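Each chain gets a letter, A, B and so on, in the order the sequences are listed, and its residues count up from 1. Being a predicted model, the structure only gives us computed values, none of them experimental. The figures that follow rest on heavy atoms only: side chains count, while hydrogens, waters and symmetry mates do not.
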Amino acid sequence: MTADRFVRSTRKYGAIALVSARRALAERSVLAGRALFLGVIVFIFSRVWETVLGQGPQAIPGAGKRELIWYLAVTEWCLLSVPHLFLAIEADVRSGDIACRLVRPVSYLGTQIAEALGETGLRLLVLGPTGAAVAFWMAGGFPEDPRGLLLALPLGALASVLAVLSTAAIGLSAFWIVDTSPVYWIWQKLVFVLGGLLLPLELYPDWLRTLARCSPFPAMLWGPGRMAFGFAPEAALVTLLELLAWGVGIGVGLAWLSRSARARLTVSGG
Amino acid sequence: MAPAIELENLRKTFRVTERAHGLAGSLRALFVRRTREVVAVDDLSFAIAPGERVAFVGPNGAGKSTTLKILSGILQPTAGRVRVLGLEPGRERTRLAYRIGAVFGQRSQLWSHLPAADTFDLLARIYELEPAEYRRRRDDLVASFEIAQVVEKPVRQLSLGERMRCELVASLLHRPEILFLDEPTIGLDVVAKATIRDLLRERGRLDGCTILLTSHDTGDMESVCERVLVIHHGRLLLDRSLATLRRGFIAKKRVSVVTEEVELRVDLPGVRRLPSASHRTELEVDLDVIGVDRVVAAIVAGARVLDLSVEDPPMEEIVSAIYAGAARSVSRA
Amino acid sequence: MSRLAGTLRFARALVAMNLRSSLALRGAFWLQASFMALNNAAFFSVWWLLFERFPEIGGWRLLDVLTLFGVVASGYGASIVLAGGVRDLGRAIHDGELDSCLVQPKPVLLHRLASHTIASGWGDMASGAVMLGLAGALEPASLAATGLAVASSACVFTASGVLLQSLSFWIDGMETFARQISEFTLVFSTYPRPLFSGGVSVLLYTVVPAGFVGFLPAELVRAPSLALAAAALAASLGWTLLAIFVFERGLVRYASGNRIGARS
């Protein structure tokens, strides 16, 4: 019984995701904008690494300028593929539309997440080659051991899923605070800093690295990113397990949040 | 006296670029721009004297809003002569702006998070009003528009009717000589509409300002204005006073009777029964066939009448008839 | 002369109105301002980490980047607080929202720009001030140069935004593109100048004026000189005049009513 329902749900949400992807494809300017932004960031930071390292010693054992550029390309690829789901949910909460749709919370949230994942999937497909091309150009080639990049692909995709779930949670916070953008900014900065968006965690002071490892963020960015440093299946496995564990955690948190949101709705009446 | 508004052979055309369809179209559009000319106003001429209250009536796309925008200086005419208060709106927009007011029904100039009173103060700065004079004028308007309670609340908390009253006060603060109103009662309920119309009429009378009103709602026209300009396909169809319009266009009267009997039967030539309710009968009398006096006499003789009224048909019908007549003449031409 | 005085009074009234409007939603104001300040601090911390490892980047030190950040944050914050209407200028043009400004006797651009304010800008200005203070730019001796630098940065950022958004008078759908370029301007302006050379730096003084928003004002603060001050002034004036010119040309086209696609 449940297996059959599961299959049907998957098919339904899959269809929603596909429609969303198609719609995102039609919005070419937005897509192009993101691709351009990715290119710009990789360009700028490769200039930084070029200037800093140049002919000098390697900042991280096993990682030279090339690897660091590819690292950034991977982390930015993950992050830029995530749409602003929190804005869509915030708009629904503000307009009150959500009142009708949240009666069955799984449906509403499921739909929203499915849509966001559809868009994310498309962006991953478009931004991947873009990032790779710019990185290849700026770095002057592939990293030392390009096999690592293959491992980065599934990890990065999974990381984006986690990010989408997080933005869904941020969106739900609209039930308590009117404007969720500030919450998003802070989450985003935590991802930047603790997740090692621009600088791999190896470059951090020990205390910060330890602190970061207690959070889900390194698994999202540094985990997939460091695959650029070399072929490390054990490290990949660790990241995979971390992502799954944190994923479950965020999922549980999301479920709890939506239940509280529903309760709040019945109390305050929308 | 010099006319407040003067239009001579006004013509306004737009060049509209065709939107490209599909990939082939988009590519072609890079090299060749396909444009077509749309005539919004075609050879319009009329004059409005100071203090007149004029309605500008016509269906969608007739050119009403375009004309209004040309008169207020927002759009430039393609050809023809336009003078508003002796000034050319296209060239002397800023000078004219001090002397005119405008209310666009669908757009607000009130700041939504703040009370209307704050916007009023800002407008005093915009029109460079002398502070004491401004305060007197503001208080006078607030009192006559009855928005004293409402004026200190954030605008977004107000109902549409309240907002429109604030909007009107805002447009009158600087004592404009001409007030342009574009769909001022759109979206309002019946009561709010009536209130706004009464206030406009009063103000026009008190301040002596010229009012030019465009509307789909012929009720606006009936309540506020004395003169009607009917525009269709960018041309002036008709320029009459309201009374003449009614008299000249439809020789029909509406008779409403409330009787003790559930149903009233009137079998007279030239009398047509309209959809009625129980105890209340609506009749249309064709004055070319029979006089109203005979119809009334017949009704009173044949039933126990509790209430009876004789009215002109609604303006909607008159205007529709005008458009129909115009359509006929266009199709014949 | 009296017209200028009237316009200035109007501008002041608009700014006051803006402030009142953002304070009307007090909770949102504090949330936006404080979180934006935190946001900037967090972003800067990445640079701090980088400089922990590498004491010098292209001749720049942490203090230099701090100054740069301080100037850009303050300038950007000032821009979006005082002229928050830049962001949706393109959309307003497209939707015909300039009509109500046109019917009133005050400059349309000024009216439109100053009619909106973005509360997070206060957070930017606050964090900018802190950074400048830490960099020693708020000493009485440096105050004039710093003030000019921040004003210049704000000016060029606003003007370039107006210029891009004004293209909406002629081209459909410019809003997204204009916003992208503004975003890039901001991004580029927070990176040390020595990183970029040749063709890119030409770009950074023209299409994406990061050089005028970030580098030039920051130099003025770091090593004040009359030449730099004159350059900053010239840049501000030049960009502002260009923006106003393009906007006014656009208004003429707006007044012709000719537009792309069908419109009621």
Side-chain angles (χ1 to χ4, degrees), chain A residues 27-41 43-54 56-60 68 72 173 176-209 212, chain C residues 25 27-60 65 118-120 123 172-181 183-185 187-197 200-201 203-204 208 210:
Chain A
E27 288 178 356
R28 254 168 282 244
S29 56
V30 176
L31 216 55
R34 287 270 166 159
L36 197 59
F37 192 77
L38 175 59
V40 164
I41 294 291
F43 167 74
I44 293 179
F45 245 84
S46 52
R47 297 294 309 143
V48 173
W49 290 128
E50 178 90 47
T51 313
V52 162
L53 298 175
Q58 294 191 332
I60 306 164
L68 286 167
L72 179 68
S173 71
W176 291 270
I177 25 176
V178 177
D179 191 7
T180 58
S181 296
V183 183
Y184 175 76
W185 298 332
I186 296 304
W187 172 83
Q188 197 197 44
K189 290 305 168 296
L190 286 172
V191 171
F192 274 23
V193 181
L194 298 180
L197 176 74
L198 301 166
L199 302 177
L201 256 55
E202 286 89 343
L203 289 177
Y204 285 19
D206 296 324
W207 63 271
L208 190 56
R209 199 179 319 136
Chain C
L25 298 168
F29 175 78
W30 282 113
L31 197 68
Q32 293 221 350
S34 54
F35 274 55
M36 186 46 92
L38 273 168
N39 181 67
N40 292 344
F43 193 74
F44 184 75
S45 67
V46 175
W47 277 104
W48 178 77
L49 287 170
L50 194 60
F51 274 104
E52 281 282 288
R53 278 300 182 123
F54 310 99
E56 217 185 73
I57 298 178
W60 279 50
V65 178
I118 298 165
S120 60
D172 220 3
M174 273 303 286
E175 299 98 78
T176 336
F177 178 71
R179 220 170 296 172
Q180 282 283 9
I181 300 282
E183 202 181 352
F184 287 151
T185 307
V187 168
F188 271 106
S189 65
T190 54
Y191 286 87
R193 177 69 184 71
L195 290 176
F196 312 112
S197 54
V200 180
S201 65
L203 204 71
L204 293 180
V208 180

Given a strict heavy-atom distance threshold of 4.5 Å, which part of Ile41(A) is in contact with chain C: side chain, backbone, both, or neither? side chain

Against chain C, label Leu197(A) side chain, backbone, both or neither, depending on which of its atoms sit under 4.5 Å from a heavy atom there. neither

Phe37(A) portion near chain C, given a 4.5 angstrom heavy-atom threshold: both

Atom pairs and distances, donor-acceptor, side-chain atoms in residues 30-39 of chain C, under 3.5 Å, two or more places apart:
residue  : atom : partner   : partner atom : Å
Gln32(C) : OE1  : Ser120(C) : N            : 3.3
Gln32(C) : NE2  : Asp179(A) : OD2          : 2.3
Ser34(C) : OG   : Trp30(C)  : O            : 2.6
Ser34(C) : OG   : Leu31(C)  : O            : 3.4
Asn39(C) : OD1  : Lys189(A) : NZ           : 2.7

Can you tell me which residue pairs pass the side chain to side chain donor-acceptor pair (under 3.5 Å) test with a partner in residues 40-59 of chain C, sequence neighbours excluded? Asn40(C)-Asp124(C), Asn40(C)-Ser127(C), Glu56(C)-Arg61(C)

Do the non-hydrogen side-chain atoms of Val193(A) and Phe43(C) ever get within less than 4.5 Å of each other? no

Go through the atoms of Leu203(A) and report whether side chain, backbone, both or neither lie under 4.5 Å from a heavy atom of chain C. both

Would you say the side-chain atoms of Arg28(A) pair up with the backbone N or O of Leu31(A), donor to acceptor, closer than 3.5 Å? no

